[in-house]
Amino acid sequence: MSLQATTRPPAQRQARAVRLGPRSIAALALVSAVGVAGFGWPFLAPPTSRIGTHAQDAPWLFAGVLVLLVAVVAAAISESGLGPKAVAMLGVLAATGAALRPIGAGTAGIEPMFFLMVLSGRVLGPGFGFVLGSVTMFASALLTGGVGPWLPFQMLAMGWFAMGAGLLPGPDRLRGRAELVMLAGYGFLAAFAYGTVMNMAGWPFMSALASNVAFDPHAPVAANLARFVAYCLATSLGWDLGRAVVTVVLTLTLGPAVLRALRRATRRAAFETPVTFDAAEK
């Protein structure tokens, strides 16, 4: 008697290395809600509240967000039954993204890892995209020594960024130039969105006495919104624009080859193909 492995042919649809089930969707919704509150509390709290007086407690909130992020990743992995092939692909892509991040660091927002997150999320789906974005940011922080209270928000924002690419329309049908233009447009907007939300994470901790664009806990929401817009224009517009342009250029030039490689790898990996063993007589 011998065992011969046979597999069913893969279905012609978008690969799902990590499928978000009910528990992981609920956990993702929870951590996203906490993240939105953590990013946007300066615009959610009324001027009369005492929240602004507890800004020094923010690192504890960040630590809590990180715990929730880990729980989301663990829930997504355990519920989806993530196999060794998906773990291997996650490791390769996360390591590649972490290695790309230091390239051009400190130079006009040249961050090539963003285009890889967009293309990976597109091919492998929103669940894999969220896990990949979070893990890549964590790995790159360890690689570059960028561990700090900002890391949980970076992980969450990058998870959203890559997950959004997996939610774009036409994953099974849209190909060619139209797909590249859509991905480039998404990458351009998402690069600015990433920079904006990360500005929100650090902006409240500037001293209002140090600058007229700093957060003022006693000012009305409209005044703080104007201060925040001025802060973004003065401090990060050039960096965000550089990130967005680099993402567009790399998507349009390297995108076709990277998309083909990712799709070929997912077809060969056959994440969702059940493997059966048939007994065969010698």
Side-chain angles (χ1 to χ4, degrees), residues 12-18 85-86 88-141 143-144 154-155 157-195 198 238-269 271:
Q12 297 299 317
R13 55 191 174 91
Q14 187 184 24
R16 288 290 189 269
V18 175
K85 293 180 288 187
M89 180 167 286
L90 177 65
V92 169
L93 291 174
T96 303
L100 287 174
R101 191 183 179 198
I103 297 177
T107 308
I110 300 176
E111 296 179 275
M113 70 170 288
F114 280 77
F115 103 99
L116 180 62
M117 297 298 102
V118 172
L119 301 187
S120 299
R122 170 65 173 177
V123 173
L124 291 156
F128 189 94
F130 183 83
V131 175
L132 175 63
S134 300
V135 172
T136 301
M137 267 300 177
F138 182 75
S140 67
L143 180 65
T144 61
Q154 287 181 326
M155 293 173 63
M158 186 57 68
W160 285 340
F161 180 90
M163 181 178 67
L167 296 172
L168 293 173
D172 306 320
R173 300 176 303 278
L174 190 61
R175 294 290 187 272
R177 176 60 59 177
E179 182 181 38
L180 285 177
V181 171
M182 179 184 69
L183 293 175
Y186 172 80
F188 185 87
L189 295 176
F192 273 101
Y194 176 86
M198 289 311 303
W239 186 278
D240 294 339
L241 180 61
R243 181 193 301 117
V245 171
V246 168
T247 301
V248 169
V249 171
L250 291 179
T251 300
L252 294 178
T253 56
L254 302 181
V258 175
L259 286 172
R260 284 195 299 270
L262 288 172
R263 284 171 172 145
R264 186 183 306 115
T266 55
R267 285 195 300 269
R268 291 181 176 178
F271 298 116

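When reading the values below, keep in mind they use all heavy atoms of this one structure, side chains included, and skip hydrogens, waters and symmetry mates. Position 1 is the first residue of the sequence; numbering continues from there.
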Atom pairs and distances, donor-acceptor, side-chain atoms in residues 246-254, under 3.5 Å, two or more places apart:
{"unit_1": "T247", "atom_1": "OG1", "unit_2": "R243", "atom_2": "O", "d": "2.8"}
{"unit_1": "T251", "atom_1": "OG1", "unit_2": "T247", "atom_2": "O", "d": "2.6"}
{"unit_1": "T253", "atom_1": "OG1", "unit_2": "V249", "atom_2": "O", "d": "2.7"}

Return yes if some donor-acceptor pair links the side-chain N/O of T136 with the main-chain N/O of G133 below 3.5 Å, else return no.
no
Check whether any side-chain heavy atom of P169 sits under 4.5 Å from a side-chain heavy atom of M182, and report yes or no.
yes
Got a second to check how far L259's CG is from E179's CD, nearest 0.5 Å?
5.5 Å
Are any of the side-chain heavy atoms of V118 and R122 separated by less than 4.5 Å?
no
Which atom names give the shortest non-hydrogen contact between F192 and L241, and what distance separates them?
CZ-CA, 3.6 Å
Working to the nearest 0.5 Å, report the span between OG1 of T266 and CZ of F128.
10.0 Å
Measure the CD-CG distance between E111 and L116 for me, rounded to the nearest 0.5 Å.
13.5 Å
Evaluate R175 against R263 for side-chain contact (heavy atoms from CB on, under 4.5 Å), listing each step before the verdict.
CA-CA 12 Å; R175 294 290 187 272; R263 284 171 172 145; 3.4 Å; yes
So which atom in P126 and which in G166 form the shortest heavy-atom distance, rounded to 0.1 Å?
CD-O, 3.5 Å
Nearest 0.5 Å please: distance from the OH atom of Y194 over to the CZ atom of F114.
5.0 Å
Taking all non-hydrogen atoms of both residues, which atom of P256 and which atom of L180 are closest, and how far apart?
CG-CD1, 3.4 Å
Would you compute the distance between atom CE of M158 and atom CE of M137 and round it to the nearest 0.5 angstrom?
3.5 Å
All N/O donor-acceptor pairs, side-chain side in residues 91-99, below 3.5 Å, sequence neighbours left out:
{"unit_1": "T96", "atom_1": "OG1", "unit_2": "V92", "atom_2": "O", "d": "2.8"}

Check the orientation of Y186 and F161. Use parallel for under 30°, tilted for 30 to 60°, and perpendicular for over 60°.
tilted
Could you measure the distance from the CE atom of M89 to the CG atom of L262? Nearest 0.5 Å is fine.
7.0 Å
I'd like to check the side-chain hydrogen bond (donor to acceptor under 3.5 Å, both in side chains) partners of Q154; sequence neighbours left out, ordered by chain and number.
none
